[in-house]
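Note that this is a predicted model, so its numbers are computed, not measured.
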Amino acid sequence: MSKKNTSVKTAASIALALSLSLPAASAFADAPAGSSQSGTALVPVRETASRLGAAVDWNQAEQTVTVTKGSHTLILRIGQKEALLDGKPLVLREPVRVVSGQTLVDAASLAEAFQDTKETAEGPADAFIAKLQAGQGAEAAKLLSPNLAPALPAELLNQVWGSYEKLFGPVKPNPSRSESTNAVHHNVAYTFQATIPFSLTVRLNAAGQVDDFYVAGVTPSTYRKPAYDNAALYTEREVKVGEGAMALPGTLTLPAGGEGPFPAVVLVHGSGPHDRDSTMGGAKPFRDLAVGLAAQGIAVLRYDKVTYEHTAKLSTDAKFTLKRESVDDAISAVKLLKNTAGIDASRIYVAGHSQGAFAMPMIIDADKDGGIAGAILLSGPSGKFADLLALQQKELVSRVKQSGMDAAPYEQQAAQYTAIAEMVNDPKYTVDNMPSQFPLQPAYWWFEQKNYVPAELAKKQTGPLLILQGENDWQVPVSQLEGWKQALKNRGDVEYKSYPKVNHLLTEFDGISTGAEYVQPNNVTKAIIDDMASWIKKTK
């Protein structure tokens, strides 16, 4: 588990906070006007097309809707899944329907129909970027949604662009621009060329208001699909996890060739603002797990993390907690699966990676309806988070020395994080008496759960557990597995397995893992997927 990502900070440092997270695949969406019984997001054609810069024409006699953008024409027919895009057949995920006077179409199909168009229309996202660049905070604030406005006052928006240029260097004009859709936001992504290239994704709500935005350095993707990814063995659809201002977009991956009901797994992210694939360097471990498990008859739900989809709205939450970051959304995801056709509601499992595994006992404790049939911990810390912070740095220094590299910079970093861990563990500091200059924000996150020991909470629980650990992992060293075994030695419903070459990203690496290998193309080892699938199939 990496040290706590500081993407959620105080208002005074929001520009920096929005720039510390890993880049991830963008998606276009808006808060759906409805959803199908399958969970697919449905959006109003006219409103959504308007934000795409497209024109809409309704033909009452033929019961058709024509959407035109530049040289592209999409013809939709009420009650039909078959559409025409530039005169060629296009099969929608759901039939076009009319609800309360609005024509609805599934968001993903509409996005795909226009995702390759080159024409762009100036809209609220473009205006927002222009106002930020001009330092016109008051004008930019007028474009914000009611959910975002409290976090971004005009005086702060005045300073945001200047902060970006200090961080990334002078910005060149004419950024590249793209649009995409998910079940929650319409996203307009800009890639700016600067000393350090960066991307800024503006997230719009159904009303066309700026509901959030996300900033990250640009890192070329080196990800490659694994050999076990056979597209004929699974299908995927867009879903929405939770409700209201903090709802999350996600992907439900289902086994192909059957109606179910299928056992299902919810995937819970590690620390930091991860996308639904848990993208990091050349890895997309959650995508690998989803396609690998679905190929073996197990459905998988993965979703964009709340700190990724709602980064700015959370930036001023001084009392942000682990529960809000990881627990609440996992429970919402379980509830979604329980009410999804084709899912066996009695066989829903939750698999957490890194911080997601650290939070797993809290997730199980929060499952008041008993919807979780069992849990899987992947590279999960068994002890206190602050202790792990110091331990992983010590482990990294040791590995750097073994690799023959200069350890001095790593030793300095280790000393800094060890001091932070000691500060968190100091009994005089609590949520009511936090250090005035705590370096990792929000400080409340650290002190609210300073005494939480996941293995100790799990000791009091029951229910099938599978705990998997890579032995080549410096972020959660293999000694943490021994912590689980010792704490849970009196439980008879827990299984363990470790993998000699596997690093923190769940991939095999022949060398000594120091994290440098993360940028290379890598995939979750199939042995882990096979072990998860076998355990789920035998656990009832």
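The two residues Asp473 and Ser379 make their nearest non-hydrogen contact at OD2-OG, 3.5 Å. Across all non-hydrogen atoms, the minimal contact from Leu267 to Arg302 is CD1-CB, 4.3 Å. Closest heavy-atom contact between Pro226 and Asp288: CD-OD1, 3.5 Å.
Look at Glu495 and Lys538 and you find a salt bridge, because one of the NZ, NE, NH1 or NH2 atoms lies within 4.0 Å of a carboxylate O, short of that distance. For the pair Lys313 and Asp211, the salt-bridge criterion is met [side-chain N within less than 4.0 Å of a carboxylate O]. Ion pairing between Arg276 and Glu238 holds under the 4.0 Å rule for side-chain N and carboxylate O. Between Glu236 and Arg287 there is no salt bridge, since none of the side-chain N atoms of the basic residue sits less than 4.0 Å from a carboxylate O of the acidic one.
You'll find the ring centres of Phe213 and Phe128 inside the 6.0 Å limit. Aromatic rings of Tyr518 and His504 (six-membered ring for Trp) have centroids beyond the 6.0 Å cut-off, not under it.
Inspection of the Asn522 and Glu517 side chains reveals no N or O donor paired with an N or O acceptor under 3.5 Å.
Annotation: cation-pi geometry not satisfied between Lys450 and Tyr429 (NZ/CZ under 6.0 angstrom from ring centroid, within 45° of ring axis).
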### Query
Taking it one step at a time, do Glu508 and Tyr499 satisfy side chain to side chain contact (heavy atoms under 4.5 Å, CB included)?
CA-CA 8 Å; Glu508 289 190 357; Tyr499 306 84; over 6 Å; no
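Between Leu200 and Tyr164, the closest side-chain pair of non-hydrogen atoms falls below 4.5 Å.
Under a cut-off of 6.0 angstrom, the local environment of NZ in Lys537 is crowded, with over 12 non-hydrogen atoms contributed by other residues, nucleotides or ligands.
Ring planes of Trp445 and Phe385: perpendicular class, angle over 60° (limits at 30 and 60°). Taking the six-membered ring where tryptophan is involved, the planes of His269 and Phe286 are tilted, since the angle between them lies from 30° to 60°.
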